[in-house]
Amino acid sequence: MKNSSLRFRFAPSPTGALHIGGIRTALYNYLLAKKLGGTFILRIEDTDQSRYVEGAEKYIIDSLKWCGITPAEGPGFGGEFGPYRQSERTAIYDEYIAKLILSGHAYYAFDTSEELEKYRTEAENTSRPFKYDSFTRLQLNNSLALPPETVKEYLEKNMPYTVRLKVPEDESIHVQDKIRGEVIFHSQELDDKVLRKADGLPTYHLANVVDDHLMGISHVIRGEEWLPSTAHHVLLYRAFGLEDNMPEFAHLPLILKPTGNGKLSKRDGVKLGIPVFPISWVGESEESSFTGFREAGFLPEAMLNFLAFLGWNPGTEQEIFTIDQLVEAFDIAHIGKAGARFDYEKAKWFNQQYIIHSSPENLANLLLPLLPEKYKPVSQDYLISFCKLMQERVVTINDFFENGYYFFEPVHTFDTKNIAKKWSPALKQTIQNLIEKWSACSPFNQEQIQLSFDTFMQDNQLKTGDILPVFRIGLAGTMKGPAVFDLIELWGMQEVSNRMNKAFDHFDKTLLS
RNA sequence: GGCCCGUUCGUCUAGGGGUUAGGACGCAGGAUUUUCAUUCCUGUAACACGGGUUCGAUUCCCGUACGGGCUACCA
């Protein structure tokens, strides 16, 4: 079902870490491309050299790779429509800008940033704020207002200039948005956007339109913050004579802050102690470094599932979707219009569900490289058993070690208050007897251990509640965790005996004073 | 300020002219469990407001309020 005419792009700027809003945009593009048999493309929009951040492009690619939504075309991924970095395409943009000037759709402007800034502050408190548009451009320093000789002279003297779009005076611009329907803008409201900056590089608007066209992009799916400037983009397509071949537009609702007002921002993560990035970003200082979902112990599939539902739903009551199922179910029609608040609790729930439904083997493979070095080495089988016992008791991957460290090293904290009333040195002999009885279990498994325990309790007229909690604390140090009999089966009697003997000393010391 | 977009439980959302307004997270209670967790059950809680249109509006239209975005030689 390959359809080479359906091309979707994710076009981030390498200005630092990319938060999950960007990942969601990438995901939606990827999902649609896969579903429709189209192509998912990565384009790096690095036209602002002042905001360029070293390593940001690598971060974007690493993030996409971790998520498993890798582009079929892009820098480092090949493709016939490259280069895929805008900074490597300046000659192309110049060509298109020249066309626009020739056809009268764009003009040279010699006003400096300082001058424009001055106009703006002067008009700040008036009823009509300064805007570079059809009302003001004839009073400004540009090739529309200046005599041709002066323009020629300026150009020959290499005077710095920008190129601006000549927005028509009185036109309605109709944007067809797949999510919002028809959105109408009036050209009087639009300013003459800069197309080419004084440094010779294009602005987003020009590069974006040229590249989408040249790269054969059929669908532009991006955040809602781009909706207002889409009017300019339509004007550009029109100026190039490409209006009939414009891509389809879909503007996604924004992801909002977990609390408070506004859209989700980079700072929100550290402020609330939650990840808002896919993977960690190491900045120059601590303030500019962030942790990610990966470091917080999330499975990429779970994060993606969570993200997919922030602004989209399948129209059914199913919530857990594999990537393949998302590809199958995804559609633009079910994308919402309103901003969606980021809900970390829900994200954790998705992750928990994914861990519970993963195979222990799979989890063991994930955990193996994360095993702290101080832990004694363990076999693959042991790790698998550990995962089987713990997977219903964790929310993140990190919880495995946080809650289950005692599978790999001696108990370091005994939560003895739960057995304070039960403990007496006399119990030691009872426990020794029980351990001896267990040693005879054959086969040595959880069922037999349980059976043996039950008869022992009956024979000695003891209650489960008197003995088992002592074992729990003795073996694991905590009241929380897997069934005691499962631990015993996994560890064997020698280990159990060692642990209990160590615990006895501790119990005596802390509980008998 | 101007322009554009939006508004269903606290949160993510389904729905759509006549419904007991459905699900999920969270929270609360209960069952199961030697603990914790899982699982299951129950409960909690919403159509922003005001006008129309209509026999009937949460659903359609218009206002208002509120929220969001844009308003740079940033993307």
Side-chain angles (χ1 to χ4, degrees), chain A residues 11-15 45-48 50-51 109 111-113 116-117 120 124-129 131-132 160-164 175 177 179-181 183-186 188-191 193-205 207-208 222-231 251 253-254 256 258-259 261-263 306 309-320 334 336-350 352-353 356 390-395 403 418 450 453 457 463-469 471-473 476 478-485:
Chain A
S13 270
T15 54
E45 309 227 331
D46 54 348
T47 56
D48 185 356
S50 67
R51 291 217 303 156
D111 320 83
T112 64
S113 305
L116 296 173
E117 189 53 43
R120 261 180 218 112
E124 213 164 58
N125 297 313
T126 67
S127 58
R128 179 181 278 278
K131 192 148 56 75
Y132 210 120
Y161 66 87
T162 63
V163 175
R164 285 179 179 269
V175 174
D177 187 278
I179 293 171
R180 284 148 221 285
V183 183
I184 302 169
F185 298 89
H186 301 283
Q188 307 100 289
E189 310 289 348
L190 273 33
D191 65 334
K193 280 258 177 298
V194 169
L195 267 17
R196 184 191 134 119
K197 297 175 276 187
D199 64 6
L201 290 170
T203 56
Y204 172 87
H205 309 288
N208 193 259
R222 75 228 304 189
E224 196 186 358
E225 70 266 31
W226 295 109
L227 188 51
S229 58
T230 307
H251 289 92
L254 265 15
L256 274 17
T259 57
N261 294 184
K263 63 172 174 175
F306 162 68
F309 272 71
L310 236 40
W312 172 84
N313 73 85
T316 67
E317 287 181 355
Q318 184 183 349
E319 292 213 76
I320 304 293
H334 282 97
K337 293 184 175 76
R341 207 175 271 279
F342 178 86
D343 181 5
Y344 191 54
E345 290 304 318
K346 189 89 183 225
K348 286 195 291 191
W349 176 78
F350 273 108
Q352 183 181 36
Q353 290 298 310
I356 288 171
M390 291 300 289
Q391 69 185 128
E392 281 187 354
R393 291 167 236 270
V394 298
V395 174
N403 303 344
N418 287 292
Q450 165 101 51
F453 177 80
M457 296 315 265
K463 276 185 292 191
T464 303
D466 296 329
I467 301 296
L468 222 43
F471 267 100
R472 177 169 294 288
I473 300 297
T478 168
M479 285 303 285
K480 300 177 179 179
V484 168
F485 301 130

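Proteins come first, then strands; the chains are lettered A, B, ... in the order of their sequence lines, and each starts at number 1. Remember, it's a predicted structure, so these values are computed and weren't measured experimentally.
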Novice: What does A:V183 touch in the nucleic acid at a heavy-atom separation under 4.0 angstrom: a base, only the sugar-phosphate, or nothing?
Specialist: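 Answer is sugar-phosphate: A:V183 comes under 4.0 Å of backbone atoms only.
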Novice: Charged N to carboxylate O under 4.0 angstrom, A:E189 versus A:K131?
Specialist: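 Not counted as a salt bridge, because no side-chain N and carboxylate O are separated by less than 4.0 Å.
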Novice: Got a sec, which residues hit side chain to side chain contact (heavy atoms under 4.5 Å, CB included) with A:A347, two or more places apart in sequence or on another chain?
Specialist: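 Expected list: A:F293, A:F298, A:F306, A:Y344.
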Novice: Tell me what A:A109 touches on the nucleic acid: a base, only sugar-phosphate, or nothing, going by heavy atoms under 4.0 Å.
Specialist: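 Counting heavy atoms under 4.0 Å across all strands, no contact is made by A:A109.
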Novice: Specify the separation, in whole Å, of atom OH of A:Y344 and atom C1' of B:rC27.
Specialist: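 One finds 19 Å between C1' of B:rC27 and OH of A:Y344, rounded.
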Novice: From B:rC12, B:rC73, B:rG68, pick the nucleotide closest to the side chain of A:T162?
Specialist: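 Within the option list, the nearest is B:rC73.
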Novice: Can you figure out which of B:rC3, B:rC36, B:rA75 approaches the side chain of A:F185 most closely?
Specialist: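 When the side chain of A:F185 is considered, B:rC3 is the closest of B:rC3, B:rC36, B:rA75.
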Novice: Whole angstroms only, please: what is the CG-P distance between A:L195 and B:rA72?
Specialist: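 Those two atoms, CG and P, are 16 Å apart.
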Novice: Between A:K193 and A:D191, does any side-chain N to carboxylate O distance fall below 4.0 Å?
Specialist: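 Yes, A:K193 and A:D191 are salt-bridged.
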Novice: Nearest 0.5 Å please: distance from the CE atom of A:M457 over to the OG1 atom of A:T464.
Specialist: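 The OG1 atom of A:T464 is 5.0 Å from CE of A:M457, to the nearest 0.5 Å.
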Novice: Look at A:K346 together with A:D343 and state whether they make a salt bridge at an N to O cut-off of under 4.0 Å.
Specialist: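 A salt bridge is absent here (no side-chain N lies under 4.0 Å from a carboxylate O).
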Novice: If you measure from the P atom in B:rC40 to the same atom in B:rC4, how many Å do you get, rounded?
Specialist: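 Per the computed distance, 49 Å lies between those P atoms.
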Novice: For the side chain of A:E317, counting heavy atoms from C-beta on, which of B:rU35, B:rG22, B:rG6 is nearest?
Specialist: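 It is B:rG22.
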Novice: What integer distance in Å separates A:Y204:OH from B:rC73:P?
Specialist: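 It works out to 17 Å between those atoms.
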Novice: Round to a whole Å and report the spacing from CG of A:N313 to C1' of B:rG22.
Specialist: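 Value for this atom pair: 12 Å.
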Novice: Looking across every strand, which nucleic acid part, if any, lies under 4.0 Å from A:G336 by heavy atom: base, sugar-phosphate, or nothing?
Specialist: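 The residue A:G336 makes no contact with any strand.
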Novice: Whole-Å distance between B:rG2 P and A:D191 CG?
Specialist: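 Distance, rounded to whole Å: 18 Å.
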Novice: Take A:E345 and A:P129, find for each the nucleotide of RNA chain B with the closest heavy atom, and name the residue whose nucleotide sits nearer the 5' end.
Specialist: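 Nearer the 5' end of the strand: A:P129.
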Novice: Looking at B:rC73, I'd like to know if its phosphate oxygens (OP1 or OP2) sit under 4.0 Å from a side-chain N or O belonging to A:R196.
Specialist: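 Negative; the distance criterion is not met.
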Novice: Whom does B:rA57 pair with, Watson-Crick or G-U wobble, provided both distances fall under 3.5 Å?
Specialist: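 Check on B:rA57: unpaired, no WC or wobble geometry under 3.5 Å.
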Novice: Mind checking side-chain hydrogen bond (donor to acceptor under 3.5 Å, both in side chains) for A:D177 and listing every partner two or more places apart, or none if nothing turns up?
Specialist: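 Once residues adjacent in sequence are excluded, the partners of A:D177 under the side-chain hydrogen bond (donor to acceptor under 3.5 Å, both in side chains) criterion are A:H251.
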Novice: What contact category does A:K131 fall into here, base, sugar-phosphate, or nothing, at under 4.0 angstrom with non-hydrogen atoms?
Specialist: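 No contact.
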Novice: Nearest whole angstrom, please: distance from the P of B:rC3 to the NE2 of A:H251.
Specialist: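 Spelled out: NE2 on A:H251 to P on B:rC3 is 20 Å.
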Novice: Can you tell me the pairing partner of B:rU38 across any strand shown, Watson-Crick or G-U wobble, with both distances under 3.5 angstrom?
Specialist: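 Partner of B:rU38: none.
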Novice: Using a 4.0 Å heavy-atom cut-off across all strands, classify A:P482 as base, sugar-phosphate, or nothing.
Specialist: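 Base contact.
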Novice: Hey, is the side chain of A:R180 pairing donor to acceptor with the base of B:rC5 inside 3.5 Å?
Specialist: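 For A:R180, whose side chain was compared with the base of B:rC5, there is no donor-acceptor pair (under 3.5 Å).
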Novice: Test for a donor-acceptor pair under 3.5 Å between the base of B:rC12 and the side chain of A:R341, counting only N and O atoms.
Specialist: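 Donor-acceptor pair under 3.5 Å: no.
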Novice: Using atom CE of A:M457 as one end and atom P of B:rU34 as the other, report the distance to the nearest whole Å.
Specialist: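 My rounded result for the distance is 12 Å.
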Novice: Heavy atoms only, 4.0 Å cut-off, all strands: where does A:R120 land among base, sugar-phosphate and nothing?
Specialist: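 A:R120: backbone/sugar contact only, no base atoms under 4.0 Å.
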Novice: Report which part of the nucleic acid A:L201 touches: base, sugar-phosphate, or nothing (heavy-atom distance under 4.0 Å, all strands).
Specialist: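 It contacts nothing in the nucleic acid.
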Novice: Nearest to the side chain of A:S113 - B:rA75, B:rU34, B:rC73?
Specialist: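 Ranking B:rA75, B:rU34, B:rC73 by closest atom to the A:S113 side chain puts B:rC73 first.
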Novice: Does A:F342 or A:H186 map to a spot on RNA chain B nearer the 5' end, using the closest nucleotide for each?
Specialist: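 Between the two, 5'-proximity favours A:H186.
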Novice: Take atom P in B:rU19 and the same atom in B:rU35, then report the distance between them in whole Å.
Specialist: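 Roughly 47 Å separates the two P atoms.
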Novice: Now, which nucleotide makes the Watson-Crick or G-U wobble pair with B:rA65, with each of the two distances under 3.5 Å?
Specialist: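 B:rU7 is the nucleotide pairing with B:rA65.
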Novice: Taking all heavy atoms of A:V194 and all of A:T203, pick out the closest pair and write down the distance.
Specialist: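 Smallest heavy-atom distance, with atoms named: O-OG1, 2.7 Å.
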Novice: Is B:rC70 paired to anything, Watson-Crick or G-U wobble with both distances less than 3.5 Å, and if yes, which nucleotide?
Specialist: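 The base-pairing partner of B:rC70, which may sit in any strand shown, is B:rG2.
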Novice: Counting only Watson-Crick pairs (N1-N3 plus N6-O4 or O6-N4) and G-U wobbles (N1-O2, O6-N3), all under 3.5 Å, who is the partner of B:rG26?
Specialist: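 When the pairing criteria are applied, B:rU44 turns out to be the nucleotide that pairs with B:rG26.
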Novice: Taking the side chain of A:E225 as its heavy atoms from C-beta onward, which of B:rU35, B:rU39, B:rG69 lies nearest to it?
Specialist: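 Among the listed nucleotides, the one closest to the side chain of A:E225 is B:rG69.
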Novice: Picking from B:rC74, B:rU35, B:rC4, which would you name as closest to the side chain of A:K197?
Specialist: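 Of the candidates, B:rC74 comes closest.
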Novice: Which nucleotide in the set B:rA75, B:rC5, B:rG6 lies at the smallest distance from any side-chain heavy atom of A:E224?
Specialist: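 It is B:rC5.
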Novice: Tell me which nucleotide among B:rU39, B:rG23, B:rG67 gets nearest to the side chain of A:N261.
Specialist: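 Nucleotide nearest to A:N261's side chain: B:rG67.
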Novice: Heavy atoms from C-beta onward define the side chain here; which of B:rG6, B:rU39, B:rA72 lies closest to that of A:Q353?
Specialist: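 Comparing B:rG6, B:rU39, B:rA72 against the side chain of A:Q353, the answer is B:rU39.
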Novice: At their closest point, which heavy atom of A:R164 faces which heavy atom of A:L195, and how far apart are they?
Specialist: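 That closest heavy-atom pairing would be C-CD2, 3.9 Å.
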Novice: Rounded to the Å, how far apart are A:E189 CD and B:rC3 P?
Specialist: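 Nearest whole value for this atom pair: 6 Å.
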Novice: Measure from the side-chain heavy atoms of A:K346 and tell me the nearest of B:rC5, B:rC12, B:rA75.
Specialist: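 Nucleotide nearest to A:K346's side chain: B:rC12.
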